[in-house]
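Atoms considered below: every heavy atom in the structure, side chains included; atoms not considered: hydrogens, waters and symmetry mates.
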Amino acid sequence: MGVRGSQSGIQKAVAARISKGWTQQELQKAAKVGNQAVSKFFNGKSVALSTVKHIYSALDLILEEADLESETSQVDGNNNLNGLVREVREKITARIIERCGTMRVLDMTQSIGLNDIYTSVNILEKITGRRGIGIDKLMQGFDPEQENFDRVGFGEISEERVPGIEAVKRYSKLMVLGKPGAGKTTFLKYLAIQCIGGEFLGDRVPIFITLKDFAETDTQPGLIEFINQRFAESGVTESQTADLLKQGRVFLLLDGLDEVREEDASRVIKQIERFSERYSINHFAMTCRIAAREHTFQPFKEVEVADFNNEQIKTFVGKWFQIKQLSLVNRFMTELEENESIKELATNPLLLTLLCLEFEDSGDFPKNRSELYERATHTLLRKWDSKRGIKRDQVYKNLFASRKEDLLSQLALSTFERKEYFFKQRDAERYITDYIRNLPDAKTDPEALQLDSEAVLKSIEAQHGLLVERARGIYSFSHLTFQEYFTARKIFTSCNPDSLDDKALQSLACHITEHRWREVFSLTLEMLPNAESLLLLMKQQVDTILAEDEKLQKFLRWVNQKSLAVDKCYEQTAVRVFYFCLEYIYNFNIFSIDDFIELADYFNIHSFNDYWYCSGDKGLKGLIDLKCYELLYYENISKFIPNSALADRIENVLDDKIEPHLKQSLQKLRNELADSNQDQEKFQEWWQSNRQTWINKVKVEMIKYRNIAHDWQLNSKQFQLLEQYYDANLLLVECLSSDCVASPEVRQEIEDTLLLPIAEIEKRKNRR
């Protein structure tokens, strides 16, 4: 027959466990009992008598008769207790639903039912900021220089994720830590709703307490007195509350320890500790911002709310727009997948809510992303707390919100320039010290400044979540997007946007070939009231990439020469792009035929075949060149290819109005293929042996009559320069087509000189 611990027996065991500094898991190992036995005992559930003896022995306690209750003596008591639980739950249901059944944040025009929008959270059982790993480990697999690197995976945690509700089941005393806006309060409200609805811990009575309200009650009651006052409003008596607590039938949810004012913190912490010790067999869950946790509650297991993953984002968005407008769901997710810098923010539930609100207003994300990021940082720096009436302690009286933005901007630029995506705490504090020493009434004592900088760092992390501790003593911005945004903001606030001699703009333009700076360029251009100087500086830098290499300048002269031979029904820049991209595909073999050529797309060259149907012989030259290029494609195919494919490709060229001598030469080359036409196997043998020779003959004719298929004899360094040049031009045309402020004349001037050799650019400058 099983037994269970009496209230006094369990409390005695709890006190002994705490005095030894053990967790329940450590006690289980010392007592050598089953995994769930210790948890059952401390939750007042039935266990074997031998289990209790092992627990008491491990704790150096003497087991007394008063420490136990037999199962047979519990039946009538349990019936009465279950009736009490049902009665109290009925009385408080309306109050729980009123307090926890809805959510309304930021600029939502009306509340949403919690169950309609709630997305299950995941829990990390190991706190990320306590990991003993270095920057090298954090940087593994993270390379912003790569075009397709995973931005959303910035600072990704490899720890196993546990469903939040499973963690609450596993640990009877849980401290839920998380960044601002991580969904801690929503999670606690969800637990309260699930409990009162009988879906979770249905034999308990949920009590939801906002610790800020408790701390700021005028009479400063104790926690039990505060609960009695709240329960009395629902008709629950003090004796009923006492019975529930003594029998372990309460699920106490304490929200927002970080929101308690500093002057109240010590008193509130003592109240929680005394209450949790006195009524230890009840279930507890408490929330706190991760960086604000300074006190350790010994019996509580600390866990961390994980960022949303892709599935959680989809679930949240699906629920949000099902309520609002179902047709927006797919469009939202499509737009999000196409813009990873915005998707980064969506991993935070608060910022995901902001994105949904923004999208709901216009059916799209703002074209000007800098304004979106400004609203996101404004939400974290000012709005989130003010909307809930929370006033945080100011660790440095002159460091109000706008100065925090300036500080973060300086920190972002300094670290981004050094490729420091993760930085040591002491380095962050040094940047902060350099900033705050120049504020009014700043301390001059180095030791005092150091203490202030440490406090400022912790407060920015705890209060706003824009900086986070990724491992012990190692920080980063919470999202790479924020580091890029604040870097751009620093450049914007430091520059003279109307001057080509501005050092900040010149310094930025020098990064034109570095892929990791692309977002900074875009954001800076959006912020500038006049982006013309930066655009012109970018164009100057693009032109210098190939300026010193005579072979590559020769290639650009050829591109320009080919464009001048085409009918003027096409813009010359677009024609240059056409030939530049054809060389990329067919001659340099940098892209495959099926690759999407982004630079061509910006000039509406969506289909090379369709692009060249233009009246006049010069217009048709482009189409003939394209067909000739396609014939050269077979140079790189050594595997099986039907003879008819090559013959048909030549016929395709012969159908057009080409030079008689070229026509004669191509017919001769076609006849060489026809010799092997009757036997495919023999043709393949011939192709394997003669492919390069045959293609070289084709190239000779193309160079002679079409001025294409030149052997530029570029080395690997020149190919690298050419790719940098392509990417830089692509960035430039993306910026030209963005929402930045620049006159049509400047935009046209830049576009007209794209892909031109230096000599031609200088010639055009001299004409003006």
Side-chain angles (χ1 to χ4, degrees), residues 127-130 175 177-182 184 211-212 215 256-269 287-297 302 304 377-378 380-386 388 390-415 420 422-478 482-483 486 490:
I127 308 303
T128 57
R130 298 180 197 160
M175 170 66 85
L177 304 172
K179 297 186 285 289
K184 302 178 296 295
L211 288 173
K212 176 179 180 293
L257 182 62
D258 59 284
E259 297 172 3
V260 174
R261 296 175 303 192
E262 188 175 358
E263 60 264 31
D264 297 321
S266 179
R267 174 173 57 87
V268 170
I269 287 170
T287 65
C288 182
R289 289 189 178 181
I290 194 163
R293 182 205 60 83
E294 296 179 354
H295 182 82
T296 299
F297 293 86
E302 293 184 349
E304 180 181 347
T377 56
H378 178 85
L380 293 173
L381 282 167
R382 299 176 177 87
K383 200 170 189 177
W384 184 221
D385 280 345
S386 64
R388 297 175 298 152
I390 297 170
K391 292 185 178 180
R392 308 249 178 210
D393 298 307
Q394 191 77 352
V395 297
Y396 200 87
K397 65 179 181 180
N398 288 312
L399 199 62
F400 33 82
S402 62
R403 283 183 173 158
K404 285 181 183 176
E405 288 179 304
D406 292 340
L407 166 59
L408 289 166
S409 298
Q410 180 60 57
L411 176 62
L413 178 62
S414 299
T415 53
E420 295 174 355
F422 303 96
F423 36 87
K424 294 183 178 179
Q425 180 174 341
R426 64 173 179 267
D427 294 329
E429 290 172 0
R430 177 168 48 82
Y431 290 126
I432 294 170
T433 297
D434 291 342
Y435 181 83
I436 63 178
R437 66 158 43 101
N438 296 315
L439 294 177
D441 303 321
K443 298 172 185 176
T444 56
D445 178 55
E447 189 172 332
L449 274 171
Q450 170 61 32
L451 291 172
D452 281 347
S453 66
E454 183 179 354
V456 167
L457 176 62
K458 287 296 182 183
S459 75
I460 291 176
E461 181 187 9
Q463 295 179 15
H464 314 302
L466 288 164
L467 297 175
V468 296
E469 193 171 13
R470 298 290 185 183
R472 197 176 300 119
I474 299 175
Y475 280 78
S476 77
F477 281 83
S478 57
F482 285 147
Q483 190 175 16
F486 280 115
K490 179 61 179 176

So which atom in Val260 and which in Ala215 form the shortest heavy-atom distance, rounded to 0.1 Å? CG1-CB, 3.8 Å

Going by the rule side chain to side chain contact (heavy atoms under 4.5 Å, CB included), which residues pair with Lys184 if we only count those two or more places apart in sequence or in a different chain? Thr287, Arg289, Val305

So which heavy atom on Pro180 is nearest to which on Ala462, and how close? CG-O, 3.6 Å

4.5 Å side-chain heavy-atom contact, Gln463 and Ile460: no

Which of Arg470, Glu469, Glu420 passes side-chain hydrogen bond (donor to acceptor under 3.5 Å, both in side chains) with Ser476? Answer is Arg470

Distance in Å, Leu413 CG paired with Gln483 CD, rounded so as to fall on 0.5 Å steps: 10.0 Å

Dump the intermediate steps for side chain to side chain contact (heavy atoms under 4.5 Å, CB included) on Phe423 and Leu467, then the final yes or no. CA-CA 11 Å; Phe423 36 87; Leu467 297 175; 4.3 Å; yes

Looking only at the side chains, is there a donor atom on one of Glu304 and Thr128 sitting less than 3.5 Å from an acceptor on the other? yes

Let me confirm one number: the CD-CG distance from Glu429 to Leu449, rounded to the nearest 0.5 Å. 12.0 Å

Could you report the tightest heavy-atom contact between Leu381 and Ala401, atom names first, then the distance? CD1-O, 4.5 Å

Is a donor from one side chain sitting under 3.5 angstrom from an acceptor on the other, for Gln410 and Ser414? yes

Below 4.5 Å, heavy atoms only, C-beta onward: do Leu380 and Thr377 meet side chain to side chain? no

CD1-NZ distance between Ile474 and Lys424, expressed to the nearest 0.5 angstrom: 7.0 Å

What verdict does the side chain to side chain contact (heavy atoms under 4.5 Å, CB included) test give for Leu177 and Glu302, after you've listed the backbone C-alpha separation in whole Å, the side-chain angles of each residue and the deciding distance to 0.1 Å? CA-CA 7 Å; Leu177 304 172; Glu302 293 184 349; 4.1 Å; yes

So do the side chains of Asp427 and Thr415 get within less than 4.5 Å of each other, counting heavy atoms only? no

Hey, could you give me the SG/CG distance between Cys288 and Leu257, rounded to the nearest 0.5 Å? 4.5 Å

Can you confirm whether Leu457 sits close enough to Tyr475 that some side-chain heavy atom of one is under 4.5 Å from a side-chain heavy atom of the other? yes

For the residue pair Val468 and Phe477, establish whether any side-chain heavy-atom pair is separated by less than 4.5 Å. no

Rounded distance [0.5 Å steps], CG in Leu211 versus CZ in Arg261: 13.5 Å

Any side-chain heavy atom of Phe482 sitting closer than 4.5 Å to one from Leu408? no

With side chain to side chain contact (heavy atoms under 4.5 Å, CB included) as the test, would you mind laying out the steps for Arg403 and Tyr435 before giving the verdict? CA-CA 10 Å; Arg403 283 183 173 158; Tyr435 181 83; 3.6 Å; yes

So does Arg267 have more than 12 non-hydrogen atoms from other groups sitting under 6.0 Å from CZ? yes

Quick check: do Arg437 and Thr433 have side-chain heavy atoms less than 4.5 Å from each other? yes

Answer yes if the side chains of Gln450 and Glu454 hold a donor-acceptor pair under 3.5 Å, and no otherwise. no

To the nearest 0.5 Å, tell me how far His464 NE2 sits from Lys179 NZ. 16.0 Å

Before you tell me yes or no, could you show the steps for Met175 and Phe297 under side chain to side chain contact (heavy atoms under 4.5 Å, CB included), namely the whole-Å CA-CA distance, both residues' side-chain angles and the distance that decides it to 0.1 Å? CA-CA 8 Å; Met175 170 66 85; Phe297 293 86; 3.7 Å; yes

